[in-house]
Amino acid sequence: MQKDAQTLQHVLIVDDTEVNLVLFGALVKKLGNCEAHTFLHPLKALEWAATHGVDLVIVDYMMPDIDGLQFIAKFRAIGGCASTPLLMITANDRKDVRYRALDAGANDFLTKPVDKVEFLARSKNMLVVSEANKHLAQRASWLADEVRKATAKIVDRERDTVFRLCKAAEYRDPETGAHIQRMAHFSKVIAAGLGMSLEQQELLLEAAPMHDIGKVGISDNILLKPGRLDEAEFEIMKQHASFGYELLKGSASSVLQAGADIALGHHEKYDGSGYPSGLKGEEIPIFCRIVAVADVFDALTSERPYKKAWTVEEAIDFLVAGSGKHFDPDCVNAFLAAWEEVEAIRDRYQE
Ligand code: C2E
Ligand code: SIN
Ligand code: SIN
Ligand code: FE
Ligand code: FE
């Protein structure tokens, strides 16, 4: 971001009088580090400006094709030329023209007949302004770039944090990392099938792995019990939903917040018979309705300390039988409709 004194500045000069062009061009050379680009025809000048960087414009008012005012309007409309310093050459007694030129976007004036000292002084000032503008713009774009980089870093760190959090839970949970990967990707597939935005799909993919994180709060004799849980044990087990929510809620991170909501609601059932709140139908957040299908399908087809793995056919039958009861029918349909992707995910993430 250092000011580079050697940067060549380009001055666009438009005047229908050849003699003026020669004179102005010679004056611009005196400014040093400047190149003059002179045009007799304003339309040709505009054409040139559209494809070249311009640091200063000096334009006559009275010209045959289009006048200085029309020139300014057209010049300002060119991308990147909205704030390029512009001097208009007018007679001193044409106040009306000057006002209209200001409205059109002129920055200052040169008076006819042009005085060399005045020309040099104004041009120099305008070029300083131009340089400062350029540096400001560069600085703004550099800052925007830095913000982008910093944001990407934060997203990466957040992903890493979530991954480690899930890993910590995995030490105790008989659910494996592969189960987590599969159910998260199944969830994304369902979200896509429901027509959710890519952003929402990604959010779900990142948040779904946290659905059972509250199991860290359940004692081993229940969590790892090799047989069926009795009623009292299952009541305790059910607490994993709100434990997960308590652990993740209130975060400024949208991923953790989504994780909190999913942890709380992933055992709600469509007919209202689930836990912890007995929510019904659309009262259950959509992420939770999706995760319920993805999680149960994968839990059924996985081995657990308390059960053998079901076959895929048995698990599909279970989803279909539970459609509209345990599960949101749209989610079941979206899952089954994307069967090829489901199988690809099962192939990719094995124990
Ligand atoms: P999980 O093993 O991840 O199972 C998630 C959900 O998949 C279960 O939620 C249930 O809806 C479904 N699911 C899994 N296995 C079966 C099964 O064999 N039959 C049927 N019908 N559904 C099954 P749920 O029931 O709310 O259980 C939540 C968690 O509680 C389970 O997560 C598991 O960690 C634990 N759990 C549930 N029942 C038992 C059990 O009998 N013994 C033990 N040790 N743990 C259990
Ligand atoms: C001219 O610029 O060519 C003369 C008239 C004016 O500038 O107002
Ligand atoms: C895992 O991420 O592998 C398990 C964490 C959990 O229980 O949700
Ligand atoms: Fe669960
Ligand atoms: Fe699970």
Side-chain angles (χ1 to χ4, degrees), residues 162 165-167 169-188 190 204-205 207-248 259-279 284-285 287-323 325-328 331-332 335 345-346 349 351:
V162 167
L165 195 63
C166 290
K167 231 174 151 184
E170 225 178 280
Y171 281 117
R172 297 195 55 245
D173 191 343
E175 293 193 27
T176 64
H179 159 70
I180 297 300
Q181 291 289 347
R182 286 191 302 263
M183 62 77 58
H185 282 91
F186 292 161
S187 298
K188 185 185 175 191
I190 295 170
L204 182 54
L205 176 67
M210 295 177 272
H211 69 285
D212 268 343
I213 208 141
K215 284 182 183 173
V216 294
I218 306 298
S219 65
D220 281 353
N221 62 329
I222 293 176
L223 187 62
L224 305 178
K225 184 176 176 180
R228 298 217 55 88
L229 300 178
D230 65 31
E231 212 173 297
E233 290 168 332
F234 191 60
E235 280 311 307
I236 292 170
M237 187 66 203
K238 283 175 169 179
Q239 293 181 301
H240 81 279
S242 42
F243 285 172
Y245 176 72
E246 291 299 324
L247 183 68
L248 300 170
D261 297 337
I262 291 168
L264 185 65
H266 74 285
H267 288 295
E268 297 291 353
K269 293 184 180 175
Y270 201 69
D271 63 6
S273 67
Y275 62 87
S277 308
L279 299 180
I284 307 165
F287 275 7
C288 301
R289 281 179 268 149
I290 293 172
V291 164
V293 172
D295 181 40
V296 170
F297 176 82
D298 205 71
L300 291 177
T301 51
S302 302
E303 194 179 295
R304 290 281 193 264
Y306 64 94
K307 65 171 257 299
K308 284 213 188 111
W310 293 22
T311 66
V312 166
E313 291 69 32
E314 289 169 329
I316 291 175
D317 288 348
F318 187 85
L319 292 186
V320 172
S323 183
K325 299 185 189 108
H326 185 159
F327 308 110
D328 178 342
C331 295
V332 173
F335 182 72
I345 291 165
R346 280 168 55 82
Y349 302 102
E351 308 303 330

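Note that ligands are numbered from 1 as they come in the structure, with each ligand's atoms numbered from 1 the same way. Residue numbers start at 1 and run along the sequence shown.
Classification of the Phe234-Tyr275 ring pair by plane angle, with boundaries at 30° and 60°, yields perpendicular. Ring geometry for His185 versus Tyr349: interplanar angle under 30°, hence parallel rather than tilted (30 to 60°).
Distances from the Fe ion (ligand 4) to the N/O/S atoms of His266 are shortest for NE2.
For atom 12 (C) of ligand 1, the nearest non-hydrogen atom from the set Val296, Thr301, Leu223, Leu224 belongs to Val296. Of the candidates Ala241, Pro226, Ala299, the one placing a heavy atom closest to atom 4 (O) of ligand 1 is Ala299.
Between Ala309 and Glu303, the closest heavy-atom pair is CB-N, 3.8 Å. Considering every non-hydrogen atom in both Ile222 and Leu229, the closest pair reads O-CD2, 3.6 Å. What you find for Glu351 and Arg182 is that their closest heavy atoms are OE2-NH2, 2.9 Å. For the pair Ile284 and Cys288, the tightest heavy-atom approach, listed with the atom from each and the gap, is CG2-CB, 3.8 Å. Listed here is the closest heavy atom pair of Ser242 and Leu264: CA-CD1, 4.0 Å. Ala207 and Ile262 make their closest contact through CB-CD1, 3.9 Å (heavy atoms, listed as atom of the first residue, atom of the second, distance).
Put simply, the side chain of Glu268 gets close to the backbone of Ser277: a donor and an acceptor are under 3.5 Å apart.
Annotation: His179 places no N or O atom under 3.5 Å from an N or O atom of ligand 1; distance criterion only. For Lys215, a nitrogen or oxygen atom sits less than 3.5 Å from a nitrogen or oxygen atom of ligand 1, counting backbone and side chain alike. Checked by distance only, ligand 1 and Tyr306 come closer than 3.5 Å through their nitrogen or oxygen atoms.
The Fe ion (ligand 5) has Asp295 among its coordinating residues (N/O/S atom, backbone or side chain, under 2.8 Å).
Only side-chain heavy atoms of Leu300 come within less than 4.0 Å of ligand 1; its backbone N, CA, C and O stay farther off. With a heavy-atom cut-off of 4.0 Å, Lys238 does not touch ligand 1 at all. Contacts of Arg228 with ligand 1, taken as heavy-atom pairs under 4.0 Å, involve both backbone and side chain.
Near Lys225, meaning under 4.0 Å from any of its heavy atoms, are these atoms of ligand 1: 44 (N). Near Lys307, with a cut-off below 4.0 Å to any heavy atom, the atoms of ligand 1 are 15 (N), 16 (C), 17 (C), 18 (O). Counting atoms of ligand 1 from 1 in the listed order, those under 4.0 Å from a heavy atom of Phe318 are 21 (N). For ligand 1, the atoms sitting less than 4.0 Å from at least one non-hydrogen atom of Asp212 are 3 (O), numbered in the order shown with element in parentheses. Residue contact check: Asp295 has heavy atoms under 4.0 Å from atoms 5 (C) of ligand 1. The ligand atoms of ligand 1 that sit less than 4.0 angstrom from a heavy atom of Tyr275 are 24 (P), 26 (O), 27 (O), 28 (C).
Angle subtended at the Fe ion (ligand 5) by His179 NE2 and His211 NE2: 110°, rounded to 10 degrees. Expressed to the nearest 10°, the angle at the Fe ion (ligand 4) joining NE2 in His267 with OD1 in Asp212 is 170°.
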For His266 and Asp212: C-alpha separation, side-chain torsions, deciding distance, then whether side-chain hydrogen bond (donor to acceptor under 3.5 Å, both in side chains) applies. CA-CA 9 Å; His266 74 285; Asp212 268 343; 2.9 Å; yes

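Between atom CD1 of residue Ile213 and atom CG of residue Leu248 there is a gap of 6.0 Å, rounded to the nearest 0.5 Å.
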